[in-house]
Amino acid sequence: MMSLKEVDLLSISIKQYVYKLKAYSTLFYGLLLAQIITLFFSLNGISHMSSSNGELSVSVNSYSASLVIVFSFFWILFAAIQLTTKQYKKIENPLVTNRISGNLSNIGFLMTACVFGGITSSLVGVLLRIIMYFTFDRSQIISDEFILAFSDLLLGISVAILYMVLISGMGYLTGMLTKVSMAFVIIIPAVIIGISKAYADIFQSLIKFFTLESSLPLFALKVIITSILMFGVSILLSNRGEVSQ
Amino acid sequence: MSRVLSQILLFLIGIAIVFMFKFKRPKFYRPLSWKLNVLATGLYLGVLIMLVPILYMLPAKDFIKTVESKDQAIASSLNLMNNLYNQHFPTEGDLDKLEGVYKNSCQTFKVDSSKLSFDLQPNIGNYPILIERKDIDDGEIDVSTYVTAQYVGEVNFTKRLLPPAITVKNGMLSLRAPDRQTFEFKQFNIDFTMAQFDNQNSSIHEMSPHFSNQIIVIRVPQSLEINRGVLGDRIQII
């Protein structure tokens with residue numbers, strides 16, 4: 001009986017996931033737009049250095065696709081928050097659903113979005129290199145880092161996906177908290193700003209916990225555990241909301 | 001200025017697109033079936049994936065290569081300038097052997113007078129001028145210019161530096177500085193997602209420049225009289 005229930009939950013969640021993948025597919029246009037706009041910004045360079053000694057001047061323009069990845073992170077954050085809003089919940093109405101299957105299908109959709117966003121945001125770096133190759137004077141391009149090792153590309157994709165999973169967990173939890181009480185709309189930014197100002201060390205340690213991790217397996221473990229915790233708390237909050245309603 | 005304008009333009013385009021979607025949402029979204037959305041996103045992903053093999057097929061021969069032995073070259077150059085400051089002058093043969101020091105011109109002039117005087121342009125810079133007497137009177141003045149290591153970040157562009165223009169006429173050696181040279185480089189930094197695991201503290205490389213010095217070595221016939229004039233401190237006979 002128990003296993004039958006679990007299978008039902010899983011199959012319902014998968015059906016909802018497929019349904020939501022179709023229903024929320026317009027969300028991906030936001031990502032495409034963000035990536036294309038930031039690609040154009042990135043073509044202007046992210047930093048500029050110039051120096052002169054009177055007889056000659058040297059200038060170095062630095063380029064990177066990091067901005068594209070950062071904007072993709074913003075996109076997944078807002079997408080995760082949006083999934084918890086009433087407007088998106090309405091899409092579930094035609095389906096036979098409960099809170100858990102609804103959450104699982106949402107998480108499934110977010111994971112798909114993370115994989116898509118992680119792959120495309122890293123590959124825009126390849127597009128940026130190709131545009132630079134054909135439009136810039138190649139005798140000015142420094143080969144170091146321009147020639148991207150395939151292993152580095154795969155590493156970049158994996159890390160971008162993991163960061164997006166982490167950020168989507170944060171966004172989903174934030175959305176759920178604001179569903180529990182609208183007061184969290186003010187409390188969450190206040191807490192973040194407060195901790196960053198009053199307990200800057202703790203706040204920085206929290207960020208460094210992820211950003212300074214130089215071992216990929218450890219980083220993946222940290223992200224997966226933190227994300228499971230955040231999504232788990234989100235599901236619990238969602239169930240609590242169901243009882244209170 | 002053009003960069004600022006282009007960024008403002010892009011920002012405005014972004015705002016316009018966002019507003020267009022916001023207010024025209026029903027007209028835009030309703031006709032868009034999920035199939036069309038999947039097709040558009042799949043096409044986008046497909047094009048990006050197709051670019052990966054294209055990137056690896058592009059020839060990289062025109063690019064600027066970085067070097068590993070920068071520190072040694074700079075140390076050697078600084079040591080040379082320090083020796084010159086302390087009146088320890090190298091011969092042309094010594095300069096040819098030094099790492100990081102590059103001979104960027106070599107000219108020979110016929111002697112047209114029994115004396116050699118100097119005319120240095122005021123903005124020529126503090127080029128040390130070393131005069132070496134030959135063992136013979138061959139009636140020729142050999143002028144070589146050397147340049148010490150010139151780097152920006154890990155890029156060695158010493159060989160791109162132009163030498164000063166040198167002429168010898170009526171016993172007067174004239175030095176004219178080349179026109180102001182401008183070098184532009186484009187550095188690609190790997191994404192922070194890769195840099196975090198690539199043993200790099202920052203995704204932005206240190207690109208501070210190390211400026212070079214030019215040294216002029218003049219080899220004169222044994223009997224040629226040298227008139228250093230008021231420039232005695234800059235012209236050294238070795």
Side-chain angles (χ1 to χ4, degrees), chain A residues 22-23 25-26 28-29 32-33 37 40-41 44 46-47 49 51 53-66 69 116 119-120 122-127 129-130 132-133 136 138-148 150 152-153 155-156 159-160 163 211 213-216 219, chain B residues 3 6-7 10 13-14 17-18 21 29 32 34 37-38 40-41 44-45 47-49 51-52 54-56 58 60 62-66 123 125 150 152-155 157 161 177-178 180-194 196-199 203-205 207-209 211:
Chain A
K22 295 173 184 175
S25 56
T26 47
F28 287 100
Y29 287 119
L32 267 58
L33 199 66
I37 289 172
F40 280 108
F41 277 110
N44 273 332
I46 53 161
S47 69
M49 185 282 292
S51 192
N53 75 345
E55 291 172 33
L56 57 94
S57 70
V58 180
S59 66
V60 182
N61 256 336
S62 295
Y63 298 83
S64 168
S66 291
I69 297 170
F116 182 81
I119 293 171
T120 53
S122 298
L123 290 182
V124 169
V126 173
L127 175 59
R129 283 173 170 87
I130 290 175
M132 281 177 68
Y133 185 90
F136 292 0
R138 286 196 281 279
S139 65
Q140 294 180 347
I141 298 174
I142 299 166
S143 65
D144 210 18
E145 316 295 5
F146 188 87
I147 301 162
L148 178 66
F150 189 67
D152 280 346
L153 180 65
L155 174 75
V159 177
Y163 268 120
T211 57
E213 180 54 66
S214 56
S215 159
L216 183 62
F219 174 75
Chain B
R3 175 181 293 196
S6 65
Q7 289 195 346
L10 280 171
I13 291 169
I17 291 169
V18 168
F21 269 82
Y29 278 15
L32 295 180
W34 68 269
N37 298 338
V38 170
T41 48
Y44 180 70
L45 181 63
V47 168
L48 289 177
I49 290 171
L51 292 175
V52 177
I54 292 173
L55 178 72
Y56 291 112
L58 295 175
D62 298 334
F63 295 152
I64 299 164
K65 304 281 187 297
T66 54
N123 64 348
Q150 170 85 45
V152 58
E154 302 296 317
V155 176
F157 62 105
L161 295 181
R180 186 184 168 85
Q181 285 183 269
T182 303
F183 296 96
E184 284 184 24
F185 298 101
K186 301 192 189 308
Q187 164 77 38
F188 204 97
N189 297 304
I190 57 169
D191 306 336
F192 66 92
T193 47
M194 299 175 203
Q196 185 176 339
F197 302 94
D198 211 22
N199 299 322
S203 60
I204 295 175
H205 284 262
M207 293 301 286
S208 59
F211 288 110

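Per chain, numbering begins at 1; letters A, B, ... match sequence-line order. What you are looking at is a predicted structure, and each value in this text was computed from that prediction instead of being measured. Only this structure's heavy atoms are used, side chains among them; waters, hydrogens and symmetry mates stay out.
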Next on the checklist: Taking the six-membered ring for Trp, are B:Tyr44 and A:Phe28 closer than 6.0 Å centroid to centroid?
Outcome noted: no
Checklist entry - Taking atom NZ of B:Lys186 and atom CD1 of A:Ile142, what is their separation to the nearest 0.5 Å? => result 10.0 Å
Checklist entry - Is it true that a side-chain atom of A:Ser66 and a backbone atom of B:Phe192 form a donor plus acceptor pair closer than 3.5 Å? => result yes
Checklist entry - Checking B:Val52 against chain A: side chain, backbone, both or neither under 4.5 Å from a heavy atom? => result both
Checklist outcome for this item: Those residues at least two apart in sequence (or on a different chain) that pass salt bridge (Lys or Arg N to Asp or Glu O under 4.0 Å) with A:Arg138 are B:Asp62
Checklist entry - Under 3.5 Å, is there a donor-acceptor pair between the side chain of B:Gln196 and the main chain of A:Glu213? => result yes
Next on the checklist: Among A:Val58, A:Leu127, A:Leu155, which residue has the highest count of heavy-atom pairs closer than 4.5 Å to chain B?
Outcome noted: A:Val58
Next on the checklist: Tell me which of these, A:Ile69, A:Val126, A:Ile141, A:Leu32, has more heavy-atom pairs under 4.5 Å with chain B than the rest.
Outcome noted: A:Ile141
Next on the checklist: For chain B, which candidate among A:Ala23, A:Ser25, A:Ser57, A:Gly156 shows the most heavy-atom pairs at distances under 4.5 Å?
Outcome noted: A:Ser57
Next on the checklist: Tell me if a side-chain donor or acceptor on B:Tyr56 pairs with a main-chain N or O of A:Leu148 at a distance below 3.5 Å.
Outcome noted: yes
Next on the checklist: Measuring only between side-chain heavy atoms, which start at C-beta, is B:Leu45 closer than 4.5 Å to A:Ile119?
Outcome noted: yes
Next on the checklist: I'd like to check the ring pair (Phe, Tyr, Trp, His ring centres under 6.0 Å) partners of B:Phe63; sequence neighbours left out, ordered by chain and number.
Outcome noted: A:Tyr133, A:Phe146
Item to check | Approximate separation, where rounding is to 0.5 Å, of A:Asp152 CG and B:Phe197 CZ | outcome: 12.0 Å
Checklist entry - Rounded to the nearest 0.5 Å, what separation is found between the CG atom of A:Leu153 and the CG atom of B:Asp191? => result 9.0 Å
